[in-house]
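Comments concern the structure below.
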Amino acid sequence: MRRKAQRNRENDVLIKRYGSDILDSEEFKEALAQTHHHRSSVGDHSIHTARAGLTMCNVMSKAGIHIDERKIVRISLLHDLGILGRHEKYKNGFVCGYRHPKDSAVTARKLWRDIDRKSIRAIKSHMWPLSPTMPTSREAFILCIADKATALGDRFNRKDRKIVSPILA
């Protein structure tokens with residue numbers, strides 16, 4: 001357990017370094033207030049996704065596979081921001097699951113002005129196979145897997161998954 005806490009602290013330093021502008025945005029503050037997966041918020045889920053993505057980057061780097069950590073952090077923090085206001089925007093959960101990746105890409109363009117096409121495609125494909133856009137880059141596959149693993153933890157963990165971390169201090 002100490003090892004996981006240490007890894008989270010190390011990942012939080014990278015999340016703060018690469019994503020502080022996103023964390024400080026009004027959209028992300030709103031994300032911290034909106035419930036997601038029953039025991040989390042959209043913001044907490046996004047931070048957990050970034051942590052999981054960075055952990056995967058670390059494992060892959062040990063195998064000699066380089067992944068852009070900055071990009072993983074930024075796309076992870078942005079991937080669900082299109083879901084904000086979901087009860088007003090979408091008629092049901094299926095439509096939300098299918099549609100929010102495109103809406104998240106719109107929000108991503110607003111918050112990350114020089115975002116590249118590869119990052120937009122990663123955000124649009126994070127709900128694959130529910131959405132038709134398949135991940136085509138290493139970063140997109142990591143986002144897709146990290147998001148699903150985090151969503152399972154958010155949904156089935158017995159306690160609330162709120163971030164208690166210096167990342168938001």
Side-chain angles (χ1 to χ4, degrees), residues 1 3-20 22-23 27-28 31-32 34-84 96-98 100-105 107-108 111-112 115-116 118-157 159-165 167-168:
M1 193 56 118
R3 196 175 197 177
K4 182 178 179 182
Q6 176 62 29
R7 186 177 64 235
N8 282 341
R9 282 191 296 276
E10 291 167 1
N11 287 343
D12 287 353
V13 168
L14 294 174
I15 293 167
K16 188 83 169 177
R17 179 182 306 151
Y18 297 138
S20 61
I22 297 166
L23 294 168
E27 290 83 355
F28 204 84
L32 289 165
Q34 183 174 303
T35 303
H36 196 43
H37 302 136
H38 303 284
R39 290 190 175 88
S40 188
S41 73
V42 174
D44 292 319
H45 165 77
S46 299
I47 293 169
H48 281 293
T49 301
R51 283 177 171 175
L54 286 169
T55 298
M56 287 185 228
C57 288
N58 188 15
V59 169
M60 293 181 82
S61 74
K62 291 176 182 173
I65 302 168
H66 174 73
I67 307 295
D68 185 339
E69 290 180 336
R70 179 180 183 272
K71 189 172 285 189
I72 288 295
V73 167
R74 295 183 71 77
I75 63 178
S76 295
L77 294 177
L78 294 165
H79 82 280
D80 270 349
L81 293 185
I83 214 166
L84 298 176
C96 177
Y98 183 81
H100 85 269
K102 290 178 184 174
D103 294 340
S104 294
T107 303
L111 296 179
W112 184 5
I115 191 170
D116 62 346
K118 192 170 158 182
S119 297
I120 289 293
R121 184 163 176 91
I123 291 167
K124 285 183 177 179
S125 68
H126 83 270
M127 286 300 290
W128 182 79
L130 176 62
S131 65
T133 306
M134 183 176 169
T136 56
S137 67
R138 292 174 180 174
E139 290 82 7
F141 273 102
I142 287 175
L143 175 62
C144 192
I145 294 164
D147 177 51
K148 284 163 186 51
T150 301
L152 286 170
D154 291 345
R155 181 66 177 97
F156 296 111
N157 199 348
K159 58 185 180 212
D160 286 349
R161 295 192 19 115
K162 301 291 181 188
I163 297 293
V164 180
S165 160
I167 196 168
L168 298 173

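- Of all heavy-atom pairs spanning His126 and Cys144, the tightest one is O-SG, 3.6 Å.
- A donor atom on one side chain and an acceptor atom on the other are not found under 3.5 Å apart for Ser119 and Arg74.
- Between Pro135 and Phe141 the shortest heavy-atom distance is O-CE1, 3.1 Å.
- Looking only at side-chain heavy atoms (C-beta outward), Asp44 and Leu32 come within less than 4.5 Å of each other.
- Leu23 CG to Tyr18 OH: the interatomic distance, rounded to the nearest 0.5 Å, is 14.0 Å.
- Side chains of Gln6 and Arg9: a donor-acceptor N/O pair is present below 3.5 angstrom, by distance only.
- In terms of the side chain to side chain donor-acceptor pair (under 3.5 Å) criterion, Arg138 has no residue partners (sequence neighbours excluded).
- Here the CD1-CD1 distance, from Ile67 to Ile142, works out to 4.0 Å after rounding to the nearest 0.5 Å.
- Note that CG of Leu81 and CD of Glu27 are 7.0 Å apart. Values are rounded to the nearest 0.5 Å.
- Residues that satisfy the side chain to side chain donor-acceptor pair (under 3.5 Å) test with Lys71, not counting sequence neighbours, are Asp116.
- Under the rule for a side-chain contact (heavy atoms from CB on, under 4.5 Å), the partners of Thr49 that lie at least two apart in sequence or sit in another chain are His45, Ser76, His79, Leu143, Ala146, Asp147, Thr150.
- Counting only heavy atoms from C-beta outward, the side chains of Ile75 and Trp112 approach each other to under 4.5 Å.
- Among all heavy-atom pairs drawn from Phe28 and Gly43, the shortest one is CZ-O, 3.5 Å.
- Applying the side chain to side chain donor-acceptor pair (under 3.5 Å) criterion to Ser125, with sequence neighbours excluded, gives no partner residue.
- The shortest non-hydrogen separation linking Ala105 to Ile123 is N-CG2, 3.8 Å.
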Item to complete: Test side chain to side chain contact (heavy atoms under 4.5 Å, CB included) on Ile72 and Leu14 and set out the steps.
Response: CA-CA 10 Å; Ile72 288 295; Leu14 294 174; over 6 Å; no
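- Take Arg7 and apply the side chain to side chain donor-acceptor pair (under 3.5 Å) test, not counting sequence neighbours, and it matches Thr55.
- In plain terms, the two heavy atoms of Asp80 and Val42 that are nearest each other are O-CG1, 3.7 Å.
- Remark: side-chain polar atoms of Lys124 are not paired, donor with acceptor, to backbone N or O of Ser104 under 3.5 angstrom.
- Here the CG-CD1 distance, from Leu54 to Ile15, works out to 5.5 Å after rounding to the nearest 0.5 Å.
- Between Asn11 and Arg51, the shortest heavy-atom contact is ND2-O, 3.3 Å.
- For the atom pair CZ (Arg121) and OG1 (Thr136), the distance works out to 4.0 Å, reported to the nearest 0.5 Å.
- Every pair tested for side-chain hydrogen bond (donor to acceptor under 3.5 Å, both in side chains) that includes a residue from residues 57-70 fails, sequence neighbours excluded, so the list is empty.
- Between Val73 and Ile22, every side-chain heavy-atom pair lies at or beyond the 4.5 Å cut-off.
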